[in-house]
Undergrad: 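Okay, handing you the structure first.
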Protein chains: 2
Amino acid sequence: MARLPIYLRALSSLAERGTATVSSEELAVAAGVNSAKLRKDLSHLGSYGTRGVGYEVEYLLYQISRELGLTQDWVVAIIGVGNLGRALAGYGGFASRGFRVAGLLDADTATVGQDIAGMTVQHIDELETMIKDHGVSITVIATPASAAQSLCDRVVAAGVTSVLNFAPVVLSVPEGVDVRKVDLSIELQILAFHEQRKAGGPEENGTSQYIEAVEA
Amino acid sequence: MARLPIYLRALSSLAERGTATVSSEELAVAAGVNSAKLRKDLSHLGSYGTRGVGYEVEYLLYQISRELGLTQDWVVAIIGVGNLGRALAGYGGFASRGFRVAGLLDADTATVGQDIAGMTVQHIDELETMIKDHGVSITVIATPASAAQSLCDRVVAAGVTSVLNFAPVVLSVPEGVDVRKVDLSIELQILAFHEQRKAGGPEENGTSQYIEAVEA
DNA sequence: GCAACTTTGTGCACACATTCACAAAGGCAT
DNA sequence: ATGCCTTTGTGAATGTGTGCACAAAGTTGC
Ligand SMILES: NC(=O)c1ccc[n+]([C@@H]2O[C@H](COP(=O)([O-])OP(=O)(O)OC[C@H]3O[C@@H](n4cnc5c(N)ncnc54)[C@H](O)[C@@H]3O)[C@@H](O)[C@H]2O)c1
Ligand SMILES: NC(=O)c1ccc[n+]([C@@H]2O[C@H](COP(=O)([O-])OP(=O)(O)OC[C@H]3O[C@@H](n4cnc5c(N)ncnc54)[C@H](O)[C@@H]3O)[C@@H](O)[C@H]2O)c1
């Protein structure tokens with residue numbers, strides 16, 4: 001379930017504050033969801049709550065981590081070390097959740113060899129070698145859209161079955177490979193859509209030059 | 001509908017290639033969705049297709065842009081000019097869709113005054129002034145989690161009703177304000193979850209030190 | 001021990017999204 | 001014109017997610 005990471009974060013925050021147990025209602029508020037939904041989500045992992053009391057924070061933390069596969073480390077490679085790739089490379093939020101960046105790869109000869117966040121950028125020709133040698137299981141693509149599909153094909157051919165894509169293209173992959181997409185432009189467009197609704201209201205017209213006939 | 005931006009991108013790509021009309025089937029493949037779903041989505045905007053032929057690319061492009069509110073410009077402010085904020089500031093994909101970055105704001109005195117992507121970083125104290133003077137309608141928060149909620153409160157108080165949040169916290173806002181969240185760590189965790197499923201399969205056990213009793 | 005209280009886990013109803021399948025609609029060739 | 005062929009738009013069936021509401025379960029106080 002896609003909400004487990006949010007619960008995990010809320011629980012971590014509670015654990016740091018020294019809270020021992022938490023009710024579904026409290027945790028739901030912290031996670032920004034309905035308490036019934038939270039209980040239903042958690043019940044899918046098993047019965048980890050105590051009626052009349054709530055959930056033991058540390059125990060639930062462990063169970064969710066295990067369910068998400070965070071009790072083991074995952075090896076990540078970042079392809080494309082431009083503006084975005086650099087930001088990702090230097091981001092501390094990955095390592096803290098068991099995601100280890102094994103390497104950075106780029107095609108630009110001026111970028112290859114640079115030291116970024118304690119790593120040396122390698123040439124994209126090393127891609128397959130790096131995946132095999134470091135046991136990379138998740139690949140992040142942060143290149144221009146034009147290069148994304150062929151790079152995706154290469155990492156899939158090298159055995160990677162999880163890809164996080166920042167390029168604004170729909171990647172096509174064989175069955176069994178998971179692609180998740182982060183597209184800031186789409187997020188902004190969705191905000192703009194709602195913003196327009198709020199401002200304009202339900203005034204449905206203004207097709208301007210395209211309208212030719214109107215029915216009664 | 002959240003898929004319209006994807007259709008928009010596919011259509012733009014077709015338009016560049018000089019395609020005049022496209023069938024729901026072709027467009028669905030390009031967007032990575034089912035063709036019936038695509039037709040139903042488009043039918044919510046009105047009847048813009050021609051039976052036996054398909055959809056006129058330019059016309060549909062305009063209709064979707066209008067529906068999404070992209071026929072007007074939206075003014076964006078970016079708060080927090082760190083690793084991520086810099087990448088966003090320099091990203092060309094915003095301007096090309098009618099999102100104009102009006103300003104960059106930060107609290108760090110070493111960052112304030114720097115020129116980034118043709119803009120001078122302003123001090124966060126200028127936040128309210130900037131929002132009013134430039135008519136900012138969408139705010140991007142790219143600060144550490146600890147500062148996000150109070151900054152969010154400030155922009156909402158200043159009249160902004162759309163926020164794109166990169167900080168790993170659940171922002172609480174009054175009704176009528178839209179918040180969208182981009183959380184890379186969550187994306188990676190979801191990939192890890194599926195990766196574990198693929199590798200481990202349905203071997204459900206291994207609760208290790210926590211297990212105490214097992215039923216038959 | 002017992003009763004009152006709290007909180008979980010879940011049955012149920014409802015809303016919404018997805019997909020299939022097909023009739024109606026329009027273009028095109030003859 | 002006429003009939004065939006393609007493709008839309010949508011009814012209906014199915015699936016999925018959400019939230020209410022409550023009984024069962026467990027705790028705490030007396
Ligand atoms: N910067 C942002 O805030 C932002 C926001 C949304 C989406 N994106 C998307 O993320 C991607 C990267 O954005 P960016 O701003 O970092 O772009 P960028 O141009 O700064 O960086 C792209 C990097 O990819 C490298 N590259 C190009 N072809 C390659 C190849 N075949 N193999 C390996 N590396 C290759 C380039 O050398 C460059 O270093 C783009 O697709 C962009 O649309 C970026
Ligand atoms: N870098 C990434 O790839 C990445 C990935 C996922 C999430 N994030 C999240 O995005 C946010 C920013 O990440 P980053 O890597 O750019 O961090 P960063 O530390 O590089 O940048 C944060 C910036 O915010 C500024 N800031 C702090 N408090 C402020 C305030 N009160 N008002 C205005 N500005 C303030 C700081 O001066 C700094 O310039 C963080 O919450 C991080 O968790 C980053």
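Each chain gets a letter, A, B and so on, in the order its sequence line appears, and its residues count up from 1.
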Undergrad: Considering only residues two or more places apart or on different chains, which pairs with a residue in residues 145-166 of chain A satisfy side-chain hydrogen bond (donor to acceptor under 3.5 Å, both in side chains)?
TA: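 side-chain hydrogen bond (donor to acceptor under 3.5 Å, both in side chains) check on residues 145-166 of chain A returns A/Glu128-A/Arg154, A/Gln149-A/Asp153, A/Thr161-B/Glu195, A/Thr161-B/Lys198, A/Ser162-B/Glu195.
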
Undergrad: Using the test ring-ring contact (aromatic ring centres under 6.0 Å, His included), find all partners of A/Phe166 that sit at least two apart in sequence or belong to another chain.
TA: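 Testing A/Phe166 for ring-ring contact (aromatic ring centres under 6.0 Å, His included), a comparison that skips the adjacent residues, returns none.
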
Undergrad: Take the protein atom CG of B/Leu42 and the nucleotide atom C1' of C/dT18, then report the distance between them rounded to whole Å.
TA: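 The answer, rounded to whole Å, is 15 Å.
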
Undergrad: Which residue pairs pass the salt bridge (charged side-chain N to carboxylate O under 4.0 Å, His left out) test with at least one member in residues 34-53 of chain A, sequence neighbours excluded?
TA: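 Residue pairs with at least one partner in residues 34-53 of chain A: A/Arg3-A/Asp41.
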
Undergrad: What is the distance, rounded to the nearest whole Å, between atom CG of B/Asp41 and atom P of D/dT10?
TA: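 Result: 13 Å.
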
Undergrad: Name all residues meeting the side-chain hydrogen bond (donor to acceptor under 3.5 Å, both in side chains) criterion together with A/Glu25; count only those two or more places apart in sequence or in a different chain, and write none if there are none.
TA: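 Expected list: A/Ser35.
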
Undergrad: Below 3.5 Å, can you tabulate the donor-acceptor pairs from side chains in residues 75-92 of chain B to any protein atom, sequence neighbours excluded?
TA:
unit_1, atom_1, unit_2, atom_2, d
B/Arg86, NE, B/Val81, O, 3.4
B/Arg86, NE, B/Gly82, O, 3.4
B/Arg86, NH1, B/Gln114, OE1, 3.0
B/Arg86, NH2, B/Val81, O, 3.2

Undergrad: Side chains of B/Val163 and B/Val173: does their closest heavy-atom pair fall under 4.5 Å?
TA: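 B/Val163 does not reach B/Val173 side chain to side chain.
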
Undergrad: Output one letter per nucleotide in nucleotides 24-30 of chain D: B when a protein non-hydrogen atom lies under 4.0 Å from the base, S when only the sugar-phosphate is that close, - when neither is.
TA: BBSS---

Undergrad: For a quick test of reading the model: is some side-chain N or O of B/Tyr55 closer than 4.0 Å to OP1 or OP2 of D/dG9?
TA: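 Answer yes for this pair, as a side-chain N or O of B/Tyr55 is under 4.0 Å from OP1 or OP2.
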
Undergrad: Within residues 18-34 of chain B, find the residues that approach DNA chain D with a heavy atom at under 4.0 Å, and present them sorted by residue number.
TA: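 When residues 18-34 of chain B is checked for heavy atoms under 4.0 Å from DNA chain D, the hits, listed by number, are B/Ser23, B/Ser24.
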
Undergrad: Specify the separation, in whole Å, of atom CG of A/Leu38 and atom C1' of C/dT8.
TA: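 A/Leu38 atom CG is separated from C/dT8 atom C1' by 11 Å.
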
Undergrad: Could you list the residues that satisfy side-chain contact (heavy atoms from CB on, under 4.5 Å) with A/Ala20, not counting sequence neighbours?
TA: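 side-chain contact (heavy atoms from CB on, under 4.5 Å) list for A/Ala20, sorted by chain: empty.
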
Undergrad: My understanding is that only residues two or more places apart in sequence, or in another chain, count here; which of them pass side-chain hydrogen bond (donor to acceptor under 3.5 Å, both in side chains) with B/Ser13?
TA: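 Once residues adjacent in sequence are excluded, the partners of B/Ser13 under the side-chain hydrogen bond (donor to acceptor under 3.5 Å, both in side chains) criterion are B/Arg17.
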
Undergrad: Rounded to the Å, how far apart are B/Leu60 CG and D/dT8 P?
TA: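 Those two atoms, CG and P, are 11 Å apart.
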
Undergrad: How bent is the helix from C/dG1-D/dC30 to C/dT30-D/dA1, measuring the angle between the end axes built from five pairs each, rounded to 10°?
TA: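 Nearest ten degrees gives 10° for this helix.
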
Undergrad: Round to a whole Å and report the spacing from CD of B/Glu56 to P of C/dG27.
TA: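 Taking CD of B/Glu56 and P of C/dG27, I get 12 Å after rounding.
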
Undergrad: If the sugar-phosphate is the primed atoms plus P, OP1 and OP2 and the base is the rest, what is the B/S/- string for nucleotides 12-17 of chain C, using protein heavy atoms under 4.0 Å?
TA: B-----

Undergrad: Using a distance-only test with no angle check, is there a side-chain donor-acceptor pair under 3.5 angstrom linking A/Gln189 and A/Ser185?
TA: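 A/Gln189 vs A/Ser185: donor-acceptor pair found between side chains.
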
Undergrad: The criterion is salt bridge (Lys or Arg N to Asp or Glu O under 4.0 Å); which residues satisfy it with B/Glu187, sequence neighbours excluded?
TA: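 Checked B/Glu187 against salt bridge (Lys or Arg N to Asp or Glu O under 4.0 Å); matches are A/Arg180.
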
Undergrad: Using whole Å, report how far CZ of B/Arg39 lies from P of C/dA21.
TA: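 After rounding, the reported distance stands at 13 Å.
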
